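Comments concern the structure below.
Every value quoted in this text rests on a predicted model; they were computed, and no experiment measured them. Counting starts at 1 for both ligands and their atoms, in listed order.
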Amino acid sequence: MVWLSDDERFSAIEENLKIINDEIAQAAVKSGRTENDVSLMAVTKTVESRFINHAIGNGIKLIGENKVQEFLLKKDELNLEGCKAHLIGHLQSNKVKKIVGNVDTIQSVDSVSIAKEIGKRSLEAGVTTNVLLEVNVGNEESKFGFSADELFERACEIAETGGISINGLMCVAPICEKEAEIRAIFSNMHRMFIDIGAKKIDNINMSVLSMGMSGDYKQAILEGANLVRVGSAIFGARIYR
Ligand SMILES: *Cc1c(COP(=O)(O)O)cnc(C)c1O
């Protein structure tokens with residue numbers, strides 16, 4: 001990767017955000033909605049706080065972190081007034097206590113047991129934690145999440161847990177070569193989102209459909225995503241240390 005100065009990275013972030021916001025607006029209109037119907041999450045894993053704050057200064061109102069530890073280390077350096085934070089990475093049960101109360105939503109609920117732990121710790125802390133259920137929509141062995149087949153049954157079990165509120169679905173789509181394939185995957189997610197919402201189960205509100213990343217957020221919006229999680233297209237390629 002080309003080495004950029006901080007100033008160059010700050011302006012790249014501004015440019016990238018303009019382009020992405022335009023693309024989001026166009027895709028939203030194509031899907032019969034407006035840009036206000038789609039939230040842009042800046043995914044901040046490995047990104048240093050000054051760059052995250054620059055994105056927040058340029059209109060970002062939602063950030064996503066994958067790891068509890070990394071988020072808690074950066075949190076005090078972030079200007080989070082007016083900006084919400086979500087956890088989007090796989091969560092281990094021994095980290096639940098640390099994250100509850102520190103994020104608005106945990107998007108990566110991928111088992112009944114982790115949901116119960118989040119509920120228990122939330123009740124202890126006197127908060128309600130919003131959660132999304134992660135769907136392994138491509139049935140990939142390497143990915144976390146509920147299979148499409150079990151999703152509804154598990155959602156009903158989780159809905160009975162105190163301390164949490166089910167707000168929608170999230171997925172990390174498989175890498176697809178063909179446009180039609182990725183569209184079909186996202187369309188399938190949207191169908192589950194609508195179907196489960198229509199059942200009107202207590203404590204299941206299908207209001208957030210979180211899908212689409214740097215490489216596929218346009219396709220996700222065209223198929224009904226209302227929250228896209230974009231990292232490298234905003235901040236540049238990640239450098240893992
Ligand atoms: C890293 C990550 C993203 C963002 O990925 P990019 O391709 O950099 O946009 C989105 N969602 C999850 C769950 C991630 O781990």
For atom 5 (O) of ligand 1, which protein heavy atom lies nearest, and how many Å away is it?
Met213 CE, 3.6 Å

Which residue supplies the protein heavy atom nearest to atom 2 (C) of ligand 1, what is that atom called, and how far is it?
Lys45 NZ, 2.4 Å

Atom 13 (C) of ligand 1 has as its nearest protein heavy atom Ile88 O, 3.6 Å

Would Arg238 count as a contact of ligand 1 if the rule is a heavy atom under 4.0 Å away?
yes

State whether Lys97 and Glu117 are salt-bridged, where the test is any N-O pair (Lys NZ or Arg NE/NH1/NH2 against Asp/Glu carboxylate O) under 4.0 Å.
no

Is Arg9 positioned over the aromatic face of Phe51, cation under 6.0 angstrom from the ring centre and no more than 45 degrees off axis?
yes

Would you say the side-chain atoms of Thr128 and Ser165 include a donor-acceptor pair closer than 3.5 Å?
no

Pairing donors with acceptors under 3.5 angstrom, does anything connect the side chains of Ser5 and Glu8?
yes

Is the closest basic N to carboxylate O distance between Glu77 and Lys74 below 4.0 Å?
no

For atom 9 (O) of ligand 1, find the nearest protein heavy atom and state the residue, atom name and distance (0.1 Å precision).
Ser214 OG, 2.5 Å

Near Ser232, which atoms of ligand 1 are under 4.0 Å from a heavy atom of that residue?
6 (P), 7 (O), 8 (O), 9 (O)

Would one find an N or O of Gly231, backbone or side chain, under 3.5 Å from an N or O of ligand 1?
yes

Nearest protein heavy atom with distance in Å, relative to atom 11 (N) of ligand 1
Arg229 NE, 2.9 Å

Looking at Glu140 and Lys143, is there a salt bridge between them, counting it only when a charged N and a carboxylate O are closer than 4.0 Å?
yes

Close-contact set for ligand 1 against Asn66 heavy atoms, below 4.0 Å
14 (C), 15 (O)

Measure up the His54 and Phe10 rings against each other and bin them: parallel (under 30°), tilted (30 to 60°), perpendicular (over 60°).
tilted

Can you list the atoms of ligand 1 that are under 4.0 Å from a heavy atom of Val230?
9 (O)

